[in-house]
Amino acid sequence: MRTVADQLASVLAVVRPLAPIELGILDAHGCVLTEDVVAPAPLPGFDNSAMDGYAVRTADLTDIPVILPVVGDVAAGPASPLRVQPGLCVRIMTGAMMPAGADAVVPVEWTDGGVAKVRIDQRPDPGAYIRRAGEDVALGEVVLTAGTHLGAAQLGLAAAVGRSRVVVRPRPRVVVLSTGSELVEPGDPIGPGQIRDSNSFALTAAAVEAGAIGYRVGIVPDDPRRLADTLEDQLVRADVIVTSGGVSVGAYDVVKEVLSRLGTVRFDKVAMQPGMPQGFGTIGPDAIPVFGLPGNPVSSLVSFEMFVRPAIRTMLGAEPIERPRVQALADEPLTSSLGKRSFLRVHLGVREGAYRVTPVSGAGSHLLAGMSRANALAVVPEDVVRIEAGQPVEVIVLERRGS
Ligand code: AMP
Ligand code: MG
């Protein structure tokens, strides 16, 4: 049997970051930049008001309160031709360009709000409430460096410096199909002995959560021809193919049969629980990575976590490729079989200043409801069969999108 680390190493030896492409900035959301983004102009681009109020010359405000004539309005948008002469002021809105001659803004709250003339009750310091050109970003500054992960604030900054498109590593396209002649679509009538295809939904969602574009193909029956044809059709749009089912030693385990002759895919027993049978390799002229995951719902999801997710993250160019891990204390004893690395479904919380884990499911690979209650996987190493209550255990944190 291979170790989990060996299997992951085989995967990472094959997958490469995808070649960069130029995308519109919203399409690049969640991607990793491969260029530096430089500001072609300073930010702010001009001195402007930080408040709604009055642009004044502070030299006119030595005796407070004072009443000044208001010679005009300046709003955000058009540059104002107004110049503030001694003894006068201009009403100004937030973001409007400072008129020449003024050296501060008096917030409207410090005044009577007058339109033709205004009474000013408080004196601002020179320079007050003016946002200076370039105080956020200097002309020519690198605002985002290659390698930056584009979240909301980074996209906003790219737009603010005038970029509508950026060069990034694209999201890998992950094609997901379920094999099994017993499978039925949710929503369709179900007969005796049939089960719902849940894996293709869970795995497509997991791919999207990892940062990929997920294409759910759905159900392919245990028929070698149908499977081979489907794989061939899907290759054109795939950066990764993920199958579930058909990789153990049953008589109808067609994935093993078909993938073994299509490319470099090999099938191994990996010393893990759940998820022992694993297929991985490449197929097609472009050597597309293919993961043949086991069919049991929890096995397929845990296998995805261990092997597919790091591959997707590598293709994205995202760091780190692995989920965060923490040390937690076991609230109850945790058990595992000797020689296998166990990934136990647990709930991770904090109590008395320490991370704690409680099992939320039995070990059966079909116990999907237990998996749905877990927010973490406790990792029990190969040579450990029992972790006592109160003892530390390493935990993989499964943060989910939207939670
Ligand atoms: P297999 O690896 O094909 O032998 O499948 C192992 C177990 O997982 C069997 O009980 C299957 O019925 C179940 N299974 C296989 N594929 C799926 C799927 N797409 N959704 C839910 N359960 C599945
Ligand atoms: Mg099957």
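What's counted below: heavy atoms across the whole structure, side chains too, no hydrogens, waters or symmetry copies. Counting convention: from 1, in listed order, for ligands and their atoms alike.
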Stepwise, does the salt bridge (Lys or Arg N to Asp or Glu O under 4.0 Å) test hold for Asp239 with Arg173?
-> CA-CA 5 Å; Asp239 297 307; Arg173 297 159 300 168; 3.0 Å; yes

May I have the step-by-step check of salt bridge (Lys or Arg N to Asp or Glu O under 4.0 Å) for Glu185 and Arg216, ending in yes or no?
-> CA-CA 12 Å; Glu185 287 279 330; Arg216 176 184 172 264; 2.7 Å; yes

Can you check salt bridge (Lys or Arg N to Asp or Glu O under 4.0 Å) on Arg323 and Glu399, steps first, answer last?
-> CA-CA 9 Å; Arg323 296 271 200 189; Glu399 84 278 8; 3.5 Å; yes

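For the 3.5 Å distance criterion, the side chains of Ser303 and Gln278 qualify, holding a donor opposite an acceptor.
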List, for ligand 1, each N/O atom that has a protein N/O partner under 3.5 Å away, with both atom names and the distance.
{"residue": "ligand 1", "atom": "2 (O)", "partner": "Gly246", "partner atom": "N", "Å": "3.3"}
{"residue": "ligand 1", "atom": "2 (O)", "partner": "Gly295", "partner atom": "N", "Å": "3.2"}
{"residue": "ligand 1", "atom": "3 (O)", "partner": "Gly246", "partner atom": "N", "Å": "2.8"}
{"residue": "ligand 1", "atom": "8 (O)", "partner": "Gly295", "partner atom": "O", "Å": "3.1"}
{"residue": "ligand 1", "atom": "8 (O)", "partner": "Asn296", "partner atom": "N", "Å": "3.1"}
{"residue": "ligand 1", "atom": "12 (O)", "partner": "Glu182", "partner atom": "OE2", "Å": "2.6"}
{"residue": "ligand 1", "atom": "14 (N)", "partner": "Gly295", "partner atom": "O", "Å": "3.2"}
{"residue": "ligand 1", "atom": "19 (N)", "partner": "Ser178", "partner atom": "OG", "Å": "3.2"}
{"residue": "ligand 1", "atom": "19 (N)", "partner": "Asp197", "partner atom": "OD1", "Å": "2.8"}
{"residue": "ligand 1", "atom": "20 (N)", "partner": "Ser198", "partner atom": "N", "Å": "3.1"}
{"residue": "ligand 1", "atom": "20 (N)", "partner": "Asn199", "partner atom": "N", "Å": "3.2"}

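Within a 6.0 Å sphere centred on CZ of Arg131, other residues, nucleotides and ligands contribute more than 12 heavy atoms.
Applying the ring pair (Phe, Tyr, Trp, His ring centres under 6.0 Å) rule to pairs touching residues 119-145 yields Trp110-Tyr129, sequence neighbours excluded.
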